[in-house]
Amino acid sequence: MPNENYRESDVLGGISYLSVFFAPVLFPLIVWIVAQPPASTHAKNALFNHIMSWVMAILGLVTISISPAFLNSERGIGWIIIVVIAMIFFIWALVLFLKNIIRGIKLLIP
């Protein structure tokens with residue numbers, strides 16, 4: 001029955017996206033290696049989103065942590081620029097995190 005196979009793929013893909021809560025890199029990586037398309041495609045996309053959300057969050061933290069080394073004054077436009085750049089990284093990480101949740105729910109709810 002081809003319909004059951006697609007449903008199983010949707011469940012695996014949905015769990016891959018929602019694994020951001022319990023195994024962000026490990027579960028999608030295993031599904032990507034073991035499963036057949038379309039589940040492996042969803043797992044690959046979930047893995048990429050998980051990794052990129054962590055990278056964006058780390059870049060935001062690094063931006064804030066190294067900012068005093070590049071700024072001499074305590075006030076000025078430099079602090080505003082640093083905060084804006086860090087916020088862009090944090091917002092992008094949040095968008096990817098929420099994107100995983102939305103995609104996972106869409107795949108799990110028929």
Side-chain angles (χ1 to χ4, degrees):
M1 295 185 171
N3 197 14
E4 285 182 20
N5 193 17
Y6 283 117
R7 184 66 191 141
E8 290 173 10
S9 294
D10 285 349
V11 169
L12 275 176
I15 294 172
S16 293
Y17 286 115
L18 293 175
S19 70
V20 71
F21 293 114
F22 58 89
V25 174
L26 186 62
F27 188 80
L29 182 64
I30 291 170
V31 172
W32 183 30
I33 292 170
V34 174
Q36 300 289 328
S40 65
T41 305
H42 288 298
K44 179 179 68 172
N45 293 337
L47 178 66
F48 177 75
N49 286 342
H50 294 311
I51 291 172
M52 288 308 295
S53 64
W54 279 102
V55 166
M56 292 298 158
I58 291 170
L59 284 175
L61 290 174
V62 167
T63 302
I64 289 175
S65 66
I66 66 171
S67 63
F70 294 106
L71 302 172
N72 293 331
S73 66
E74 293 180 10
R75 297 181 187 179
I77 194 76
W79 284 104
I80 295 171
I81 293 171
I82 294 296
V83 169
V84 168
I85 291 171
M87 290 306 296
I88 289 171
F89 285 132
F90 289 135
I91 290 170
W92 194 252
L94 181 65
V95 165
L96 289 172
F97 181 78
L98 293 175
K99 187 177 179 181
N100 279 325
I101 296 169
I102 291 168
R103 283 186 175 178
I105 292 172
K106 280 185 178 180
L107 284 174
L108 290 176
I109 297 176

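Distance OG1/Thr63 to CE/Met56: 10.5 Å, rounded to 0.5 Å. To the nearest 0.5 Å, atoms CG (Leu59) and CZ (Phe90) are separated by 9.5 Å. Taken to the nearest 0.5 Å, the CG atom of Leu47 stands 9.0 Å off from the CD1 atom of Ile33. With rounding to the nearest 0.5 angstrom, the CG atom of Asn100 is 11.0 Å from the CD1 atom of Ile105.
Here the side chains of Phe97 and Phe21 are in contact, with some heavy-atom distance below 4.5 Å. Contact of the Leu18 side chain with the Leu108 side chain is registered, since non-hydrogen atoms from C-beta on lie closer than 4.5 Å.
The minimum heavy-atom distance between Ser53 and Ala93, with the atom names listed, is O-CB, 3.3 Å. Scanning both residues, Ala86 and Ile64, for their nearest heavy atoms gives CB-CG1, 3.5 Å. Taking each heavy atom of Leu12 and Ala35 in turn, the nearest pair found is CD1-CB, 4.3 Å.
Evaluation of the ring-ring contact (aromatic ring centres under 6.0 Å, His included) rule for Phe89 yields no partner, not counting sequence neighbours.
Ile88 and Val55 fall within a single hydrophobic cluster, where Ile, Leu, Val, Met, Phe, Trp and Tyr are joined by side-chain heavy atoms under 4.5 Å apart, directly or via other members. Met52 and Trp54 are members of different hydrophobic clusters when ILVMFWY side chains are connected at heavy-atom separations under 4.5 Å. Hydrophobic clustering, with ILVMFWY side chains joined whenever heavy atoms are under 4.5 angstrom apart, groups Val83 together with Leu61. No path of Ile, Leu, Val, Met, Phe, Trp and Tyr side chains, each step under 4.5 Å between heavy atoms, connects Leu107 with Phe48, placing them in separate hydrophobic clusters. The hydrophobic cluster containing Val84 also contains Ile81, counting ILVMFWY residues as joined when their side-chain heavy atoms lie under 4.5 angstrom apart, directly or transitively.
Using modelled atom types, no side-chain atom of Thr41 and backbone atom of Pro37 make a donor-acceptor pair closer than 3.5 Å. Between the side chain of His50 and the backbone N or O of Ser16, at least one donor-acceptor pair lies under 3.5 Å.
You'll find the ring centres of Phe27 and Tyr17 outside the 6.0 Å limit.
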